[in-house]
Structures are given as structure tokens and as C-alpha cells.
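Notes to accompany the following structure.
Everything numeric in this text was worked out from a predicted model, so none of it was measured.
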Amino acid sequence: MSTTTFVVLALVAVVVALVLRRLRPAWYWLSIGVTLAMVRVVVRYASVMDACGLTVPPSRLRLTLARLARRPAPDPRAPRILRMRPTRTGLVLRLKLQPGQDAFDFAASTDRLRHSFSMHGVASREIKSGVVELRMTGYDVLRRVQMPLSVETAGLRVPVALREDGEVHFRDYREVPHALNLGATLSGKSVYQRNLVKELASRHVALVGIDCKEGVELAPLARRFSALADNPDDAADLLEALVGRMADIYQVIRREQRISSDTPDAEITADIWGLPEEVRPVPVVLFVDEVAELALFSTAAEKKRRERIVTALVRLVQLGRAAGIYVEICGQRFGAELGDGITMLRAQLTGRVSHRVNDEASAKMAFGDISPDAVLATTQIPVERPGLAVAGDSTGGWVRIRTPFTTLRQAVNTCAAHAHRTPDLGGLERFRPALPDPAPAEIPAPGSAPVTA
């Protein structure tokens, strides 16, 4: 092969790599980027750790031995690499800390590590005492969200979004029973809710909805809903019916406990998940779309209705978990200006997801009481990235996520395909959405000619 041919082929390869990196970053990472990134990490590791202040001085014993042997002083020691594993979105580096090091030092140095290793992002978390995991992403995984083809799910643990570190973000109702979903208009809040309904449609769970926008968001998905209210009056009755169902389920739990001295410990339960399957009530997920419509009032009658609604919601989020009733509340704002009881209600919502908001006060409604850093991250969400959100919980931890775009048609098709899974809830029959029967196909009479335009 001549030199000219070799140079031409090399230039073509470089151009193809640059185009692939620009248009298909995932393909570029899996084909070329992962190898280059692993080489960079191995070559630069010791110098990067030293420059970022993530090394420890040599021990006194090593200094003494070097002095006795008349050798130069040993270099500082960097954390030991336990494992380096490539993933579909980046690298996972597991490090064994040296004595005296703290996991917080690595969390504070993630931005410097990102620049030093030429990666798009670096996230640090402590695996156990003395072991830290650095999860690096090779490209912007939230630019074009591509969920993994296969995701391990079980029960009420459903995948709804992709995290900025390349991992899947799950909504686990057993661990986080109730959640708040905030977001301004066109921020992606409705798509997030639509994804939840789509993923729950195939599970053994009853879906209940309250959509006071005349049902425009949830009515298209009604074939999978056991109950649906599209106005505040029906919403008040529906919530009180759910409170009554909750009380009935507690009676079932009390009846099945039968605690005695010879009852095995594993059979003693205080919620529905410890009951035998043949008597276990079906769990219920309640979706409340635009909660402000339930809290606003202008007349004395509407004020009484609001008190009924807020009281029922507070009781559900305080007591509903053991009865298998989980609440997902969506809205543009959720502050004290909505009236009495709202702050108490918000305090019971462990999960917090905030999409783009229009002001800092709205971000504080979601994260102000748990994480100031999450408030700042929420206010920085750009308008041109709908679906991007900050997810956190009451522990103060938070992460950026982005929901894959799901059309309403896709969600409708999924709900229709699993309509046979829709359970009938006792006491909520009158709230079952009325669905039109499918139009029968027109069958031409025998011997008739087909109609042509």
C-alpha cells in the first residue's frame, strides 16, 4: 500500500469518526470512544489523581526505608483501581481508597475528573466503607434518550426515564409510595405521567385518575383505568370512596393477622404485601393531574368541597401505603398559596420530580425543604430540552433525568392492549369510565359489488 493511499484512508477514517461522533454519539462510543477512553484513564490515572489532590503522602515506614536505602522519597499513593468496566454509555471505575481518604473528596472533584479524563460527565458514589465508584459518561446521554432494550423490572418498580450517568431511573412504589411531579407548561410533565401509565398498564395494579381538565390528559387512556373523575365534584366523591376502600382493606389486614403464640413471624404483617395472594387486595395507583384545580375555590360551596378534597388526599398519603394505595400528584405549582393543608400534604410526598419551572419559588416548592443544590439545578433546566427534570427524595439526594418521548397514540395502544387487566374496584363502580363499544365493521351483502369512488 502506497503512502498516499494510507494517508487518504486515514483521513477518511478520521472524517467518518468525527461525523459519527456528531450524529450518532452512541455508535461512536461503542465502536471507537470506549477504547480511547480506557487508554486515557490508564495512562493519565496517576497524574490526574495527584493533580486533583486525591492521593495520600507515603507512609512513615516507606519514608524510613527509602532513607535507609539512600533512595529518593517515594511518590504519593493514588487509590487502587479494583475494576474498570465499560458500559453502553461510559465507564465504571471502582476504586479502593487509601487510609485517610474520604468519599466526599471524590464527590467534590467530579468536575475536575471530567475534564482530566476528557469525559462528558463523572458521578461518584460510595459503595461501601473504603470503596468508591466513579461512573463516567462518554457522551450526552440526555440529548437523545435511548432506553435499554431490556430492563429488569418486578412488581411496582417501573422504568420511566434515563439518568445523566447512563443508568435507568425507576419509579418504585414499594420504596417511595407517594410522589410529586412539578413542571411548567410544555416542560414534559405530562409525558412523564404518560410514561408511568404506559409502564403500569401491564402490571397487576388498578389505575385511578383525577383530571379536572375535562379529562383531556387521562381520558384517552381510560381503557386501563378502573375509575376516573374529570371535575372537582366527582373528584371529591372519588377520593372519599378511596378513603372508604382504605378502611375496608385495613379490616381485611386485621382479620388475616390472627396473631398468636404459634403464628410464624413471617406470617405477621401490617400491610397488604404480607397477606396470602388469594385474599390480597389489588394495589391502587392514584394519578392527580393539575392539583391546583382541586384546591382553588371562589364560593362557599367550593370551599367546602376543597376541604373535603384536601382532607381525603392527606389521609390517603398518610395512611394509604399499608393498604396498597399510592398517590402521584402533578401540578405546575404546589405551594402554600393553595391554602390550608397543602404544606402537610407536600410533606408526605417522599418522591420529588421537578421539570422546568418558571421561577425559583416553584423549584423551592419541590426541593427547598430537602436540597438547595437541587433547587439550583432545577432553575437551570433549558427550555429547548423538554422532558429534562431533577429527581430527588427526602434524603436530599438528587439526579438529572430525562423521560423518553412517548406519543399519546403509543400510550393509548398500550392501555388498549392491556385493557383486560383493568380490575373492578368495589365501591368505585360509578366512577368507572364509560367507554364506547368498538364500531362494528360493515360487511357487504352477498353478491353485492364493491363500492368504488
| request: Using the side-chain hydrogen bond (donor to acceptor under 3.5 Å, both in side chains) rule, take Glu307 and Thr311 through it: C-alpha gap first, then chi angles, then the decisive distance, then the call. | output: CA-CA 6 Å; Glu307 293 176 354; Thr311 301; over 6 Å; no

| Chi angles and distances behind the side-chain hydrogen bond (donor to acceptor under 3.5 Å, both in side chains) call for Gln193, Asp289 | CA-CA 9 Å; Gln193 178 181 257; Asp289 190 82; 3.1 Å; yes

| task | May I have the step-by-step check of side chain to side chain contact (heavy atoms under 4.5 Å, CB included) for Val132 and Leu97, ending in yes or no? | result | CA-CA 7 Å; Val132 168; Leu97 303 187; 3.8 Å; yes

| field | Verdict with supporting geometry, Arg385 and Asp140, salt bridge (charged side-chain N to carboxylate O under 4.0 Å, His left out) | value | CA-CA 12 Å; Arg385 281 204 174 184; Asp140 188 0; 2.5 Å; yes

| said: Using the rule given for side chain to side chain contact (heavy atoms under 4.5 Å, CB included), can you reason through Leu113 versus Leu134, listing the C-alpha separation, both sets of side-chain angles and the distance that settles it, and then say yes or no? | reply: CA-CA 10 Å; Leu113 293 174; Leu134 298 180; 4.0 Å; yes

| said: Test side chain to side chain contact (heavy atoms under 4.5 Å, CB included) on Ile81 and Leu93; report intermediate values, then the result. | reply: CA-CA 7 Å; Ile81 299 179; Leu93 203 62; 4.0 Å; yes

| task | Check the pair Cys415 / Val197 against side chain to side chain contact (heavy atoms under 4.5 Å, CB included), numbers first and verdict last. | result | CA-CA 8 Å; Cys415 290; Val197 175; 3.9 Å; yes

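Separation of atoms CG (Leu221) and CG (Leu200) is listed at 11.5 Å; rounding is to 0.5 Å. Put simply, CE on Met365 and OG on Ser354 are 10.5 Å apart, with the number rounded to the nearest 0.5 Å. Interatomic distance, CD1 of Ile249 versus CG of Leu242, reported as 9.0 Å (0.5 Å rounding). To the nearest 0.5 Å, the span separating CG on Leu142 from CD1 on Ile401 amounts to 9.0 Å. Atom CG in Leu319 sits 8.0 Å away from atom CG in Leu316 (nearest 0.5 Å). Between Leu207 atom CG and Arg224 atom CZ the span is 4.5 Å, to the nearest 0.5 Å.
Atom CD of Glu278 is surrounded by more than 12 heavy atoms from other residues, nucleotides or ligands within 6.0 Å. Within a 6.0 Å sphere centred on CZ of Arg315, heavy atoms belonging to other residues, nucleotides or ligands number 12 at most. For Arg44, the CZ atom counts as densely surrounded, since its 6.0 Å shell holds more than 12 non-hydrogen atoms of other residues, nucleotides or ligands. Crowding of Glu175 atom CD: a count of heavy atoms from other residues, nucleotides or ligands under 6.0 Å not exceeding 12. Heavy atoms from other residues, nucleotides or ligands lying under 6.0 Å from CG of Leu82 number more than 12. Annotation for Asn231: atom CG counts as buried by contact number, over 12 foreign heavy atoms lying within 6.0 Å.
For the residue pair Phe117 and Met136, the shortest heavy atom distance occurs at CD1-CE, 3.7 Å. Closest approach of Ala241 to Phe431, counting heavy atoms only: CB-CE1, 4.2 Å. Residues Arg245 and Gly426 approach most closely at NH1-N, 4.1 Å, considering heavy atoms. Residues Leu54 and Pro79 share a closest heavy-atom pair of O-CD, 3.1 Å. Between Val353 and Ala389, the closest heavy-atom pair is CG1-CB, 3.9 Å.
Salt bridge status for Glu217 with Lys213: present, with a side-chain N to carboxylate O gap under 4.0 Å. At a threshold of 4.0 Å, the pair Asp237-Arg305 does not count as salt-bridged, since none of the basic side-chain nitrogens sits closer than that to a carboxylate oxygen. We find that Arg114 and Asp111 are joined by a salt bridge, their nearest charged nitrogen and carboxylate oxygen being less than 4.0 Å apart. Classification of Asp165 and Arg163 as a salt-bridged pair holds, one side-chain N sitting under 4.0 Å from a carboxylate O. In this structure, Glu240 pairs ionically with Arg308, as a charged nitrogen and a carboxylate oxygen lie closer than 4.0 Å.
For the pair His178 (side chain) and Tyr326 (backbone), a donor-acceptor distance under 3.5 Å is absent. Gln101 contributes a side-chain N or O that, together with a main-chain N or O of Gln98, makes up a donor-acceptor pair within less than 3.5 Å. Under a 3.5 Å cut-off, the side chain of Ser226 and the backbone N or O of Pro423 do form a donor-acceptor pair. Checked by atom type and distance alone, the side chain of Arg400 never pairs as donor or acceptor with a backbone atom of Val390 at under 3.5 Å. Formation of a donor-acceptor pair under 3.5 Å by the Asp230 side chain with backbone atoms of Cys212 is not found in this model. Put simply, the side chain of Arg402 gets close to the backbone of Arg143: a donor and an acceptor are under 3.5 Å apart. In terms of modelled atom types and a separation under 3.5 Å, the side chain of Arg171 and the main chain of Val176 share a donor-acceptor contact. Not one N or O on the side chain of Gln410 forms a donor-acceptor pair closer than 3.5 Å with the backbone of Leu408. Listed for the Thr299 side chain is a donor-acceptor partner under 3.5 Å among the backbone atoms of Glu302. Looking at Thr422, its side chain does come within 3.5 Å of a backbone N or O of Arg223 through a donor-acceptor pair.
In this structure, Arg157 is positioned above the aromatic face of Phe170, its NZ or CZ under 6.0 Å from the six-membered ring centre and within 45° of the axis. In this structure, Arg174 forms a cation-pi arrangement with Trp273, its terminal cationic atom sitting closer than 6.0 Å to the ring centre and no more than 45° off the ring axis.
Put simply, the residue from Leu182, Val375, Val357 that forms a side-chain contact (heavy atoms from CB on, under 4.5 Å) with Ser362 is Val357. The only option from Arg83, Arg125, Lys128 that meets the side-chain hydrogen bond (donor to acceptor under 3.5 Å, both in side chains) definition with Glu133 turns out to be Arg125.
A 4.5 Å side-chain heavy-atom check between Pro283 and Tyr173 finds every atom pair outside the cut-off. Ser116 places none of its side-chain heavy atoms less than 4.5 Å from the side chain of Arg40. Side-chain contact between Thr378 and Glu360: absent, with no pair of heavy atoms (C-beta onward) separated by less than 4.5 Å. Side-chain contact check for Thr89 versus Tyr139: some heavy-atom pair is nearer than 4.5 Å. Val158 has its side chain out of reach of Asn195: every pair of non-hydrogen atoms, C-beta onward, lies at least 4.5 Å apart. Between Pro382 and Leu388 there is a side-chain heavy-atom pair separated by less than 4.5 Å. Residues Leu275 and Pro281 have side chains in contact (heavy-atom distance under 4.5 Å, counting atoms from C-beta outward). At least one side-chain heavy atom of Leu196 sits less than 4.5 Å from a side-chain heavy atom of Phe287.
A donor-acceptor pair shorter than 3.5 Å cannot be found between the side chains of Asn181 and Glu328.
Annotation: ring pair (Phe, Tyr, Trp, His ring centres under 6.0 Å) contacts involving residues 351-391, sequence neighbours excluded, comprise Tyr192-His355.
Residues forming a salt bridge (Lys or Arg N to Asp or Glu O under 4.0 Å) with Glu199 (at least two apart in sequence, or on another chain): none.
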